[in-house]
Amino acid sequence: MASHSDFQILSEKTLHHAADPSLVTYCPSMDLLALVTTDQQVFIYRLNGQRVYGAIQKADKLGVESIRWKPNGQLLAIAWSDGSVRLVSAESSKIVLQFSAGDNVGGVTCMSWALNLIHRPNPSSSKGGKESWGSFLATDRDLSDEKAPLDLPQDLSLIDIEISLPKLSVLAAAGNSEDVFSSRSSLDALFRPFDPKDNTSVNVMVVGTKEGHIHLSIYDSFEIGAFVSPVVINGAPCHLIRHASHQEFSTHALLMQAPKSDESLYFVPMDLRFISASSEYLSLLASRSTALNNLLRYIHQVEILMISEWKSTQELPSRFLRNINETLAEREDNRDIVQALYHSVATGHTFPAVREWLVDELSERGHKRWDKAVTTGLENLRRLIHENMLPALERCSLILSRFLGIVKFQGSNSSMGFTSQQITLIMDIVACLHLVSSKILIQVVDELELFSSFSMWLRHEIDRLASDSSLPNEDAEKESSIDHSKVLLYLQTIMTSSPLATFLNDSPLHESVETWNHSKHGLPMFELLDKELQKQERGLQFLQPLPRVDLLCKFLEQQAHTIFSQIAEAEKRNVLFRKPQNVGVIEADGPVDMRMSVNDINLSQTHIAFVPKGSPSVVRIVCVMLSIENGVSSQHSISSSSIQLGTGQVRDVKFLDESRLFVLWEMDGTASLLSICYAATDTEYSLSFSPPSGQPDISRSFSNEEVLEQFSRYKLPSDSSFVPRKMEIREQSVGRNNEDWRRLFLLGKDKVHYKIFKFGTANPSKEDRDHDVSMS
């Protein structure tokens with residue numbers, strides 16, 4: 001008879017809306033539960049039931065189809081029915097990234113997030129042991145020591161330089177998807193410096209669509225690409241329903257399901273050769289490409305805000321000036337407002353029409369609005385360039401310099417996916433943006449100074465003209481504080497034709513073609529831009545679209561995305577799908593789970609548990625053994641075992657660890673949690689696996705009483721009002737050996753009541769019994 005272990009209840013909650021049983025996931029690093037309700041709302045709850053995040057559906061016809069936590073628990077991925085995937089920060093509850101699993105996607109069938117270790121010889125090692133350059137130099141030893149590290153280039157490439165740069169400043173909320181830049185916590189999470197520890201691992205996200213496509217991405221949002229379904233039955237592609245992997249193997253397991261008319265399951269090994277046989281700079285390239293892509297998003301948002309602030313400085317003054325110019329034209333005065341105001345500053349005489357405009361239309365209130373619009377806009381523009389644009393461009397240059405150094409060191413025959421010429425071209429565009437931003441910054445400072453003098457004179461002129469009688473001494477004192485030369489300069493050079501328009505006005509599409517062709521053909525733009533700006537400063541004709549910020553940002557994005565696509569294409573060629581294997585026919589919408597584990601060196605085993613079609617009380621477990629050599633897999637063997645669990649109904653199956661399978665079994669309205677040891681040898685009952693035959697034979701049948709006696713090791717707290725129908729398990733985390741980090745989530749039959757349990761410790765597990773005891 002199985003010994004019982006009790007659960008300790010940690011949380012229970014009644015939801016306001018029914019939850020979707022297939023859309024529940026537990027955070028691997030924190031006690032956070034994410035779920036989706038039937039009305040398409042996404043919620044994250046703490047153990048105490050407090051909601052820390054909530055999101056509604058993107059559109060009326062779109063719904064959530066999958067949610068998954070990142071292996072470290074920092075991000076939650078939410079896949080929508082249009083194929084878009086949002087990554088939400090657990091810390092800031094903001095959307096930090098968003099990408100699409102493809103074009104014209106009809107829905108997402110599976111999404112999974114896995115961690116793979118990158119195994120390669122440590123180049124920073126020698127005969128005596130392994131040691132990094134940082135730790136070596138910290139000891140102040142002689143370089144002639146035989147333990148000196150040997151691979152200086154790689155160690156230099158992994159030095160964390162970005163942490164020495166100032167943090168990027170937050171941006172004003174724009175009310176769109178880029179609001180991730182509006183909080184310090186989300187900004188820090190998005191631009192996390194490269195950790196050399198990341199060089200030994202890679203996060204892989206797999207997204208399957210209803211069309212059968214499989215989309216791969218690494219390091220949160222670096223997209224490898226989409227692949228067609230590796231299994232096609234009678235002309236119809238199978239779609240992905242489960243994914244499993246093990247951190248020690250670059251081969252992943254895919255479980256594909258045939259269209260509804262068939263329901264057959266197919267096991268497909270997927271070899272990610274870009275992990276096992278990749279360049280030693282894979283982690284650095286992919287993670288910094290992701291950082292560069294985020295920087296481009298940040299720069300684009302800064303550009304939008306810069307142009308918005310610039311327009312805000314022009315709209316109100318332009319309206320005032322347009323009105324008075326129309327009045328002067330109606331009165332057939334052979335002058336415009338600039339000439340009229342210049343005359344007033346130079347002579348002290350004001351024309352009647354201008355006097356009427358200053359006193360009656362503009363007045364003190366209009367002047368305050370004018371002053372606020374221009375001063376605030378220019379101050380914000382100065383801050384955006386100084387605190388946002390220039391620091392972001394410096395970070396871009398740093399990342400690109402890393403790329404350039406790597407590709408030069410690897411040589412022209414490397415499989416990086418890009419060339420040093422391409423990186424040099426992007427760095428040239430970054431330098432152009434840096435030059436233009438510096439020019440804008442200088443001009444903004446000058447305009448602020450000149451406008452301040454103009455605004456002071458304009459206010460004095462309004463007060464003087466509006467007053468019936470004025471004190472000569474007081475007027476003379478105020479006028480003496482005004483720098484009339486700056487007022488005249490402002491009227492001549494800025495008031496109606498600011499030099500900032502050269503950089504911040506919109507670029508007509510037809511004017512940008514010539515400039516883009518110049519860039520596209522690999523010709524450096526910086527020297528050309530510098531010459532054109534010198535012409536502009538001398539009042540000569542120049543290539544007007546070239547200095548436009550929006551055009552340069554567009555060039556930068558296009559060139560960078562070309563590099564991203566080439567890197568991804570180089571990695572995509574190293575993704576191989578092996579021969580599919582039919583493992584059985586599943587019950588319609590029945591429970592299924594899959595787990596990959598290590599069997600031996602270069603030998604993995606994948607267990608697939610499901611309920612066969614037409615047998616609601618049977619659990620079938622298929623074991624597929626793969627031989628993996630240098631990242632290339634081949635099928636070693638396949639076997640299966642089926643057990644009849646009385647007359648009850650199997651509601652759910654989940655693998656707990658590498659030896660036990662949890663089965664949620666219901667009999668006469670009472671649910672029991674069964675623990676089946678599918679890979680153990682020291683238990684009362686061990687499953688016997690045999691090669692598959694044409695018929696899904698039952699290995700052994702149990703009566704209802706025998707089921708409870710043999711497999712009911714874990715006892716659920718008795719509660720007649722709570723009948724669980726769905727479970728979710730958080731496994732024991734690596735590095736938490738002294739604490740049982742496992743959690744069991746149960747969702748009730750009513751879909752609104754759930755409970756979270758902690759595993760009991762009354763009866764030690766096999767791992768605890770086998771734990772080494774220190775002897776002294």
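- Within a 6.0 Å radius of CD in Q541, other residues, nucleotides and ligands contribute 12 heavy atoms or fewer.
- Side-chain contact check for V206 versus L216: some heavy-atom pair is nearer than 4.5 Å.
- Between R402 atom CZ and R288 atom CZ the span is 6.5 Å, to the nearest 0.5 Å.
- A donor-acceptor pair under 3.5 Å is formed between the side chain of S312 and the backbone N or O of E309.
- The NZ atom of K167 sits 13.0 Å away from atom CZ of F191, with the distance rounded to the nearest 0.5 Å.
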Let me see the working for V170 and S183 under side-chain contact (heavy atoms from CB on, under 4.5 Å), right down to the final yes or no. CA-CA 6 Å; V170 297; S183 73; 5.7 Å; no
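- Between the side chain of D428 and the backbone N or O of M525, at least one donor-acceptor pair lies under 3.5 Å.
- Side-chain atoms of D530 never come within 3.5 Å of backbone atoms of F526 as a donor-acceptor pair (strictly under, hydrogens ignored).
- By the 30° and 60° cut-offs, the orientation of the rings of F222 relative to F564 is perpendicular.
- Scanning all heavy atoms of the two residues, the minimum distance from S250 to G631 falls at OG-CA, 3.7 Å.
- A donor atom on one side chain and an acceptor atom on the other are not found under 3.5 Å apart for D483 and W457.
- At most 12 heavy atoms of other shown residues, nucleotides or ligands fall within 6.0 angstrom of atom NE2 in H386.
- Within the 3.5 Å criterion, the main-chain N or O of Q558 finds a donor-acceptor partner in the side chain of T562.
- No hydrogens or angles considered: nothing links the side chains of N325 and R322 as a donor-acceptor pair under 3.5 Å.
- Looking only at side-chain heavy atoms (C-beta outward), I214 and V207 stay at 4.5 Å or farther from each other.
- Looking at T290 and D220, their side chains never bring a donor and an acceptor atom within 3.5 Å of each other.
- Between W370 and F451, the two ring planes are tilted [angle within 30° to 60°].
- Side chain of T502 to backbone of P499: a donor-acceptor contact under 3.5 angstrom is found.
- Using a distance-only test at 3.5 Å, with no hydrogens or angles considered, a donor-acceptor pair links the side chain of H484 to the main chain of I482.
- No side-chain heavy atom of P547 sits less than 4.5 Å from a side-chain heavy atom of Q536.
- Remark: K572 qualifies as a cation-pi partner of F227 under the 6.0 Å distance and 45° angle criteria applied to the six-membered ring.
- The aromatic rings of Y490 and F454 sit parallel to each other, their planes meeting at less than 30°, with 60° as the upper class boundary.
- In this structure, the side chain of D371 does not engage the main chain of H367 through any donor-acceptor pair within 3.5 Å.
- H460 has its side chain out of reach of S481: every pair of non-hydrogen atoms, C-beta onward, lies at least 4.5 Å apart.
- A donor-acceptor contact shorter than 3.5 Å links the side chain of S438 to the backbone of H434.
- Taking all atoms of both residues into account, the shortest heavy-atom contact from N505 to D550 is O-OD1, 4.1 Å.
- Side-chain contact annotation: E447 with S498, donor-acceptor N/O pair under 3.5 Å present.
- Judged purely by atom type and a 3.5 angstrom limit, S497 has no side-chain atom pairing as donor or acceptor with the backbone of I494.
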Decide yes or no on side-chain contact (heavy atoms from CB on, under 4.5 Å) for S452 and K486, but give the supporting numbers first. CA-CA 9 Å; S452 176; K486 291 182 179 179; over 6 Å; no
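- Summarising the geometry of S437 relative to M389, their closest heavy-atom pair is OG-CG, 3.4 Å, with the distance given to 0.1 Å.
- Separation of atoms OG1 (T313) and CD (E379) is listed at 12.5 Å; rounding is to 0.5 Å.
- At least one side-chain heavy atom of R184 sits under 4.5 Å from a side-chain heavy atom of D188.
- The shortest side-chain heavy-atom distance between Q422 and V407 does not fall under the 4.5 Å cut-off.
- Side-chain contact between V85 and S217: absent, with no pair of heavy atoms (C-beta onward) separated by less than 4.5 Å.
- Looking at H561, its side chain does come within 3.5 Å of a backbone N or O of E557 through a donor-acceptor pair.
- V96 and S89 get closest at one heavy-atom pair: CG1-CB, 3.8 Å.
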Salt bridge (charged side-chain N to carboxylate O under 4.0 Å, His left out) assessment of E537 paired with K439: CA-CA 11 Å; E537 291 171 357; K439 295 283 187 182; 2.9 Å; yes
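- With a 4.5 Å cut-off on side-chain heavy atoms, M495 and L341 count as touching.
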